[in-house]
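Here's the structure we're looking at; comments come further down.
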Amino acid sequence: MSENQPLSVEQRNKRTLKKLVIWAIAMFGFAFLMVPFYNVICDITGLNGKTSSTAATDAPAEVVEDRTVTVEFITQKGDGISGEFTSETKRVKVHPGEITLVHFYASNPTDSDMVTQSIPSVSPGIAARYLHKTQCFCFDQQTLAAGERKDMPMIFYLDPEIPSHINQFTLSYTIFDVTERVAGKNNSVAVN
Amino acid sequence: MSTAAATHDDHHDHHHAPTGLKRWLFSTNHKDIGTLYLWFSFAMFLVGGFMAMVIRAELLEPGMQFVDPEFFNQMTTVHGLVMVFGAVMPATVGLANWMIPLMIGAPDMALPRMNNWSFWILPFAFGILIFAVLMSAFGAGNPSAPNFGWTFYAPLSTKYGPASTDLFILSVHMMGISSIMGAINVVVTVFNMRAPGMTLMKMPLFVWTWLITAFLLIAVIPVLAGVVTMMLTDRHFGTSFFDAAGGGDPVLFQHVFWFFGHPEVYIMILPSFGIVSAIIPAFARKPLFGYASMVYATASIALLSFVVWAHHMFTVGMPLAGTLFFMYMTMLISVPTGVKVFNWVATMWRGSMTFELPMKWAIAFVILFTCGGLSGLMLAITPVDFQYHDTYFVVAHFHYVLVTGAIFSIFAAAYYWLPKWSGVMPSKLLGELHFWNSLISANLLFFPMHFVGLAGMPRRYADYALQFADYNFWISIGGFWFGLSQVIFLVVAVRCAMKKGEPAPAKPWEGAEGLEWEVPSPAPFHTFDTPPVVK
């Protein structure tokens, strides 16, 4: 056939082996690539009900007076939280575009300072895209001094574009004690 | 190497091979390694089966009788892991090792040394996992074995996992490495070692289904390795892939896991399709109906298996568009699967059928696998899945496709090829006993699970509401009966291994086709040193 010596079976085996090993390693990498990929898709679609982690800077374009949407608030305490974590308002009826302030309270009954992080989640998840927060305690870690009860305000408005089938949704916050996590990070920085 | 082997004749070569333990430990022979895989998987089948017996004993009557709920959870978890990774997958790898070189006219697998390694990792992987169970059952302080279900959802397996979760992670990593190496070996063998004239579209369907399975394995087992690595770093190295407190998302776990997990179910069933496609034409004495459509159907199933994963998680709260996409894609899989079932039935249509043992198992496979497929279609419908999710209906579905599907086809393969492996015919009487007992008991075991599931009995609980008591009693009776029936197969296999039985001719089945029947029974240690000519 051709003038070149055809590859022996051993050589061909090695070549195929190499390709397949590279493919397997690439798929291992792909598993980790799914993490940022998932986060981006969730950001765009609100797939997992996560609200934006940054403050909305635009003011609402208009207030839609002839529509009201019910927003409910739930609070949950994650591991290590022994104190209070409540929202002053349980439910509020708002017009899309209307700027609303709600208060949350967290307390630290322990003898030492506590760093907390609150994680928001919206159900149904699709509503997360239309919830804009101009100020939220969840954007940053909140430090509660020993014995402190903290007022944590949250200011939000709903996108006037919010689809007509969303008349009600729930915003849930889970508060976590991340003191050790933060301390761990600082330690590792110090070691480095 | 090839010149040296060519000057020796097969008979002499056999005497040079190491004997005793060394023969098995150091073997690079595809037949020896295939045998090791098959015995190992059968041992794991019995171990996993024993755990199922513990589960069924506890569920025989309402209330708590034998084990505490904590241990019950460990049993369901390890039963699933052992059956999926220890019984079904190694059994099909064992069949691939034995049969693929014989079917394509190759002297051995392409990478024999790696073949040895991929088998010998497995006993250690399962040793680690079973060690965790033994510690839990008998160890000081009874530390918990993995108890989060075989799907090991986070955060149950990360934040709340027992210490033995780390043993589990190591064990899964080792199983994964073994599977990937086995799969790579199959692909390299099929691509480069075929006898002259054996074109891809002339390959037996078992080789085709295994080739596609191997590609699935190489694509998704690394993702499984990735997800357990993320678990490990979440548990010990301060990352937060799945920890909400650190900005992660537990639902992400389910996406990554099922991206592996759904192709995994086809990894377990595709080789079965190949087995049945070999057996039905042999006993219907007609060529397989629609060979090319079988190949394309297998490839379509494999491709579709990558875009249906979220049908396992309809209840996590996906947007409507997402649930619709995954629902339609899942239903689409029934088209190529339907093509296959149609082809098997069409092969039997007006064939000169006889019902030897392999054919009995194969026909039972076709009927009962279709049954499991239909309940799968019901589960695919998003709105009703909300009712069925995590009930015994799901348990019934996947046991129909995996026990009366995958495992029945593996038994079909064993009865079909045991004459070739051992040189003796498996005992007809014992084989019939094994078949009929398994067939009736499996249906007694799994069919009522549909009813209790539809009535709302959740899976993975050590107890149930009183109205499920009668059904569960009969399910447990079916379970013990099915478990005991498998001991008959142990006798069948041991008798064959001890060469007790009627000697088998090179081609014991009249209508069988394929290169494997051209070598004597039992297949000599070395076959096809000179490649056969394929017309």
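So you know, we letter chains A, B, ... as the sequences are listed, proteins then strands, and number each from 1.
The shortest side-chain heavy-atom distance between A:Asn13 and B:Met193 falls under the 4.5 Å cut-off. A:Tyr38 has its side chain out of reach of B:Val256: every pair of non-hydrogen atoms, C-beta onward, lies at least 4.5 Å apart. The shortest distance between side-chain heavy atoms of A:Phe37 and B:Leu252 does not fall below 4.5 Å.
Looking at A:Ile119, only its side chain comes within 4.5 Å of chain B, counting heavy atoms on both sides. Interface remark: B:Phe260 contributes no atoms to any contact with chain A (heavy atom separation under 4.5 Å). In this structure, no portion of B:Met181 lies under 4.5 Å from any heavy atom of chain A. For B:Phe253, no part lies near chain A; criterion is any non-hydrogen pair under 4.5 Å. There is no contact between B:Leu217 and chain A, counting heavy-atom distances below 4.5 Å. Only the side chain of B:Ile180 comes within contact range of chain A, with heavy atoms under 4.5 Å apart.
The minimum heavy-atom distance between A:Met34 and B:Val223, with the atom names listed, is SD-CG1, 4.5 Å. Across all non-hydrogen atoms, the minimal contact from B:Ala225 to A:Phe28 is C-CE1, 3.6 Å. Contact record, B:Gly226 with A:Ala31: CA-CB, 4.0 Å, taken as the closest heavy-atom pair. What you find for A:Ile126 and B:Pro319 is that their closest heavy atoms are CD1-CB, 4.0 Å.
If you tally non-hydrogen atom pairs under 4.5 Å between each of B:Ala110, B:Ala219, B:Ser240 and chain A, the highest count goes to B:Ala219. When B:Gly247, B:Gly246, B:Gly317 are compared by the number of non-hydrogen pairs under 4.5 Å with chain A, B:Gly246 comes out ahead. Of all the listed residues (A:Val178, A:Val9, A:Val35), the one sharing the greatest number of non-hydrogen pairs under 4.5 Å with chain B is A:Val35. Interface remark: of the candidates A:Lys14, A:Met27, A:Gln117, A:Met27 forms the most heavy-atom pairs closer than 4.5 Å to chain B.
Distance alone, capped at 3.5 Å, is enough to place a donor-acceptor pair between the B:Asn192 side chain and the A:Arg12 backbone.
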